[in-house]
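Take a look at the structure below.
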Amino acid sequence: MPTPRPDLEPDGSLSREEMESLQHEIADAAVFEDQFAFDPAHLSNPLEATTAGSSATEPPIVVGVDQSFLTNDAGEQDRALSAVVAMRGGVVIERAHAVTSLEIPYIPGLLAFREGGPILAALAELSVDPDLLVFDGSGRIHFRQAGIATHVGVVLDVPSIGVAKSLLCGEPQGGLENRAVGTRVPIEANARVDAPDGTLLGYAVQTRQYDSPNRSINPLYVSPGHRVGPGTAADIVLELATSYKLPEPVRLADQYATDAKEPLE
DNA sequence: GCGACAG
DNA sequence: ATCTTGTCGC
């Protein structure tokens, strides 16, 4: 993992005002457009990946990140377990995890200050260098355009994408019910977001759907973290969601976070 | 004051 | 996030 920028690291001991101020700095430093070297196509197929470029080209390393929580004797969540799964060409090449004590409770909009520390600790255990980080949570879809995907992406200056299962803020530009796989509905800034109204924050992306129009699967809310534009972020998530609704690196990190805590409780 | 609110 | 049974549908 690259060396983190110490001045921007999420610190759970900061005051709320300091946290929000830091988020403005993060948003200013963030790049919400494509700025990476790897080929965003064929991220998930090993054969395509190895034959796509020249013999010297390696498929990019995509790292999924997710957390689970541990409970103390009093029955309260006191520790976070962060799990990271590194994949290349659709194949898992390394996993790592870290357990840290929690500094603050969950507060909407301040998730990075609760889970950012454990995530950086887990990424530090990784021997490979990530080309792309995929998070379970928002990126630019955030009150101050600095969700956890953006925050960690900027601190490490690594391209990143936010994938949330529910919408934190912003206004979907169209219906989200019963959309076909591949559909992407723009999410624009509204009054709750610290950005001009109408700013494109990300997309509601349909990676799975039922055959019958009776029931409907909820979309994923995909937004740029850092150095990835909204359209490319949606493309990549669809590319990585090969077997399930969630992109494979995140799904495996989710599973690993659950499995790794079992021997600890 | 009321409503909204990633994991 | 986490606590949890049954139930509908392919």
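In the text below, chain A, chain B and the rest are named by the order of the sequence lines, each starting its count at 1.
- Here dA1(C) presents its C1' atom at 14 Å from CD1 of Ile104(A), a figure rounded to the nearest Å.
- As a whole-Å value, the separation of Glu76(A) CD from dC3(C) C1' is 15 Å.
- Within the 4.0 angstrom heavy-atom criterion, base atoms lie near Gly109(A).
- Formation of a donor-acceptor pair under 3.5 Å by the Ser160(A) side chain with backbone atoms of Leu133(A) is not found in this model.
- Side-chain atoms of Leu111(A) lie closest to dA6(B) of the nucleotides dC5(B), dT2(C), dA6(B).
- Both Thr258(A) and Asn214(A) lie near DNA chain C, and the one whose nearest nucleotide falls closer to the 5' end is Thr258(A).
- At the heavy-atom level, Leu110(A) lies under 4.0 Å from base atoms of the strands shown.
- A salt bridge does not link Arg144(A) with Asp28(A): none of the charged nitrogens is closer than 4.0 Å to a carboxylate oxygen.
- Ile107(A) places its CD1 atom 16 Å from the P atom of dG7(B), with the value rounded to the nearest Å.
- In the set dA6(B), dC5(B), dA1(C), dC5(B) carries the atom at the smallest distance from any side-chain atom of Arg192(A).
- Between the NE2 atom of His151(A) and the C1' atom of dA6(B) there is a distance of 15 Å, rounded to whole Å.
- Atoms CG (Leu81(A)) and P (dT2(C)) sit 10 Å apart, rounded to a whole Å.
- When atom types are taken as modelled, the side chain of Gln209(A) and the backbone of Ile217(A) share a donor-acceptor pair closer than 3.5 angstrom.
- Checking Gln77(A) against Thr71(A) by side-chain atom types alone, no donor-acceptor pair falls below 3.5 Å.
- We find that CG of Asp194(A) is positioned 19 Å from P of dC5(B), with the value rounded to whole Å.
- In this structure, Ser166(A) reaches the sugar-phosphate backbone alone: every heavy-atom distance under 4.0 Å involves primed, P, OP1 or OP2 atoms, never a base.
- Using a 4.0 Å heavy-atom cutoff across all strands shown, Ile141(A) reaches no nucleic acid atom at all.
- Residues Glu20(A) and Arg16(A) are paired through a salt bridge, judged by an N-O separation under 4.0 Å between the basic side chain and the carboxylate.
- Which of dA6(B), dA1(C), dC8(C) sits closest to the side chain of Phe69(A) comes down to dA1(C).
- For the OP1/OP2 pair of dG9(C) and a distance below 4.0 Å, the side-chain nitrogens and oxygens of Ser212(A) include no atom meeting the criterion.
- Per the stacking criterion (ring centres < 5.5 Å, plane angle < 30°), Tyr106(A) does not stack onto the base of dA1(C).
- Nearest to the side-chain atoms of Arg215(A) among the listed nucleotides dT2(C), dA6(B), dC8(C) stands dC8(C).
- Rounded to an integer number of Å, the gap from OH of Tyr221(A) to P of dG7(B) is 10 Å.
- Contact between the side-chain N/O atoms of Tyr210(A) and the OP1/OP2 oxygens of dC10(C) is not found at any separation under 4.0 Å.
- Phosphate contact (OP1/OP2 of dA6(B), side-chain N/O of Lys165(A), threshold under 4.0 Å): absent.
- The distance between atom CD1 of Ile119(A) and atom P of dA6(B), rounded to the nearest whole Å, is 16 Å.
- A donor atom on one side chain and an acceptor atom on the other are not found under 3.5 Å apart for Asp194(A) and His142(A).
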